[in-house]
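All ligand and atom numbering here is 1-based and tracks the order in the structure. Quick note: residue numbers are just sequence positions, from 1.
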Amino acid sequence: MTDQLIIFDTTLRDGEQSPGASMTKDEKIRIAKALERMRVDVIEAGFAIASPGDFEAVKAIADTIKDSRVCSLARARDADIDRAGEALKGAAAGRIHTFIATSPIHMKYKLKMEPDAVIEAAVHAVKRARAQCDDVEFSCEDAGRSDIDFMCRIVEQVIKAGARTINIPDTVGYTIPEQYAHIISQLVTRIPNASQAVFSVHCHNDLGLAVANSLAAVRAGARQVECTINGLGERAGNAALEEIVMAVKTRRDLFGIDTRIDTREIVSTSRLVSGITGFPVQPNKAIVGANAFAHESGIHQDGVLKHRETYEIMRAEDVGWNTNRMVLGKHSGRAAFKARLEELGIALGSEQEFQAAFERFKDLADKKHEIFDEDLQALVTDVERAQVEESYALDFIEVHSRSGSTPQASVRLRVDGREESAVAEGSGPVDATFKAIEKIAASGTSLQLYSVNAITSGTDSQGEVTVRLEQGGRIVNGQGADVDIIVASAKAYLDALNILAAGVKRAHPQIEGV
Ligand code: KIV
Ligand code: ZN
């Protein structure tokens, strides 16, 4: 055991498995750089065999990131492991993370394998991974429902085969803290070679217990926690990185361990992930929600003013709140713009992309005098998305809305290069806009979610809109930002249509036969 807790971020892999949260390669690189800046120990960059896009993203992140270990997921299959190894070749520090299910229900119905065959496959996978990478992690998928004696057997064997991190996922979010902690402490004490590996936990939040389970496991001896920014992830999500890190830091008296994380990067990374994936952060979310440090009641305000610790257990500035600095303005030139993007770890692919971003920046600076980092991140997301084959682009929009009358929207789009216009009425200006777009697109999609967030404070803030559309079982999140929220809404709707039109499909690692 060490007194250091390893933070393993899986936003780009398990987080991306949230319906609609798929990201482009450039967006993944931006998030990976933010995670590196935050000093995350291990970044799970993806599942290399899932698709050519996933492979390219893992490879690009492995080639770029220097200060965090970069990891790729691989089932216990030769082809998966070789693909992961190939994607990680350029990494300063790489890791292959291989897994196989160990619960009776998964082995019988999903894998259709006998327990001894599962052990054999796991040992073979770890050895093959070790031949390509000296850092190998092994996961017992559905460990929360696995038999403890069987897990002791398989884990002992994979450690012998060379795995140096053993992950015990609660894949379906079934366990409760005492039970999960008990699983970890039994493994750590009963397996003869346990001291040769770091025990890791990976909890899903189906019962709202992912963070509690992870922390209980840390108290029982786990020294790596797998988590995601904002708790993004399959179904109800994974354990939230920011909550794990701040719990351990705030209650150091109890845990007696440290992380390497620069906690001041938490809020900006949370905003970046939320902006890119289109998963808004609820206002009362711990650490990163807008209300997390806001005191409303007079008694609390009075107490905090007299002595901060009366009602505050953490300092807002320690997690990166209140650092909204005006970074650029109307008079900032190309050099200042470029320098700030570089400081944020943003490298736009081509001169043409940079020029498009700079023009948008100038346009924004005319409407909004103070430009913050969050504005730049949203602007770059917009520009990068516009580079991805656009079937639909907004040319013009005019909306009439007056009390007592029915709102009307006129839109002109470019559809695969052709100009098309439509006018529609709706119950509100956004509804009218979406109806006008649909008159042209006739996409047959259903709107699942519409949300608007102010990117920064003040009434001149850009509105960041998320539109979630469903089409034949496929769910995508579109994003758009603008100081005019109707324009932002139209952009978000068109972005979702463009993602659907691009038709990128991704394999799911927990489905056999991918
Ligand atoms: O939840 C899970 O079991 C996983 C594994 C692939 C580690 O995500
Ligand atoms: Zn998972």
Side-chain angles (χ1 to χ4, degrees), residues 6-19 21 42-50 54 58 69 71-77 80-81 83-84 95-107 109-111 118 121-122 125-126 129 135-146 151 154-155 158 163-175 180 183-184 187 197-211 213-214 217 222 224-241 244 506-514:
I6 297 167
I7 299 296
F8 176 116
D9 180 278
T10 184
T11 306
L12 299 174
R13 200 276 299 169
D14 224 346
E16 205 202 19
Q17 285 173 215
S18 310
V42 186
I43 298 173
E44 188 162 54
F47 177 40
I49 202 163
D54 280 54
V58 176
R69 192 171 283 278
C71 170
S72 173
L73 187 68
R75 287 165 301 182
R77 295 180 177 188
D80 282 40
I81 289 163
R83 197 78 173 133
R95 171 179 295 182
I96 297 179
H97 174 192
T98 185
F99 74 98
I100 194 163
T102 52
S103 63
I105 185 169
H106 276 230
M107 290 192 287
Y109 294 105
K110 187 181 82 167
L111 298 177
V118 168
V126 168
D135 187 326
V136 172
E137 170 169 338
F138 173 77
S139 283
C140 302
E141 191 192 7
D142 202 18
R145 294 187 296 172
S146 298
M151 275 203 291
I154 193 167
V155 169
V158 294
R164 287 296 164 263
T165 303
I166 299 297
N167 187 38
I168 307 298
D170 184 13
T171 305
V172 292
Y174 178 71
T175 62
Y180 191 59
I183 294 174
I184 300 299
L187 293 173
V198 170
F199 279 76
S200 166
V201 289
H202 174 118
C203 296
H204 282 269
N205 207 28
D206 299 67
L207 293 173
L209 292 170
V211 169
N213 283 344
S214 305
Q224 173 176 286
V225 174
E226 302 196 354
C227 42
T228 57
I229 301 294
N230 301 337
L232 193 71
E234 286 259 40
R235 308 180 307 276
N238 289 58
L241 178 147
I244 299 284
R506 223 169 240 111
H508 189 306
Q510 272 132 341
I511 292 172
E512 275 303 291
V514 168

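Heavy atoms of H202 found under 4.0 angstrom from ligand 1 belong exclusively to the side chain. Heavy atoms of T171 found under 4.0 angstrom from ligand 1 belong to the backbone as well as the side chain.
Counting all heavy atoms, side chain and backbone alike, I100 lies closest to I154 at CG2-CD1, 4.5 Å. Heavy-atom minimum distance, H106 versus A101: CB-CB, 3.4 Å. When all heavy atoms are compared, the tightest approach of A84 to A74 is CB-CB, 4.2 Å.
For a threshold of 3.5 Å applied to N or O pairs, the pair formed by H204 and ligand 1 contains at least one separation below that value. Inclusion of D14 in the set of residues having an N or O under 3.5 Å from an N or O of ligand 1 is warranted. Annotation: R13 places an N or O atom under 3.5 Å from an N or O atom of ligand 1; distance criterion only.
For the side-chain hydrogen bond (donor to acceptor under 3.5 Å, both in side chains) with H204, the qualifying choice from N213, D14, T175 is D14, the only one to do so.
A salt bridge links K110 with E141: at least one charged nitrogen is closer than 4.0 Å to a carboxylate oxygen.
Every residue was checked against the side chain to side chain donor-acceptor pair (under 3.5 Å) condition with R164, not counting sequence neighbours, and none meets it.
Taking a 4.0 Å cut-off on heavy atoms, H97 registers as neighbouring ligand 1.
Note on D14: its N/O/S atom closest to the Zn ion (ligand 2) is OD2. For H204, the N, O or S atom closest to the Zn ion (ligand 2) goes by the atom name NE2.
Listed by number with element, the atoms of ligand 1 under 4.0 angstrom from any heavy atom of E141 are 3 (O). Close approach of ligand 1 to P169 (heavy-atom distance below 4.0 Å) involves ligand atoms 2 (C), 3 (O). If you number the atoms of ligand 1 from 1 as listed, the ones under 4.0 Å from a heavy atom of S139 come out as 7 (C).
Taking 4.5 Å as the limit, every side-chain heavy atom of F199 sits out of range of all side-chain heavy atoms of Q224.
A side-chain donor from one of S200 and N167 sits under 3.5 Å from a side-chain acceptor of the other.
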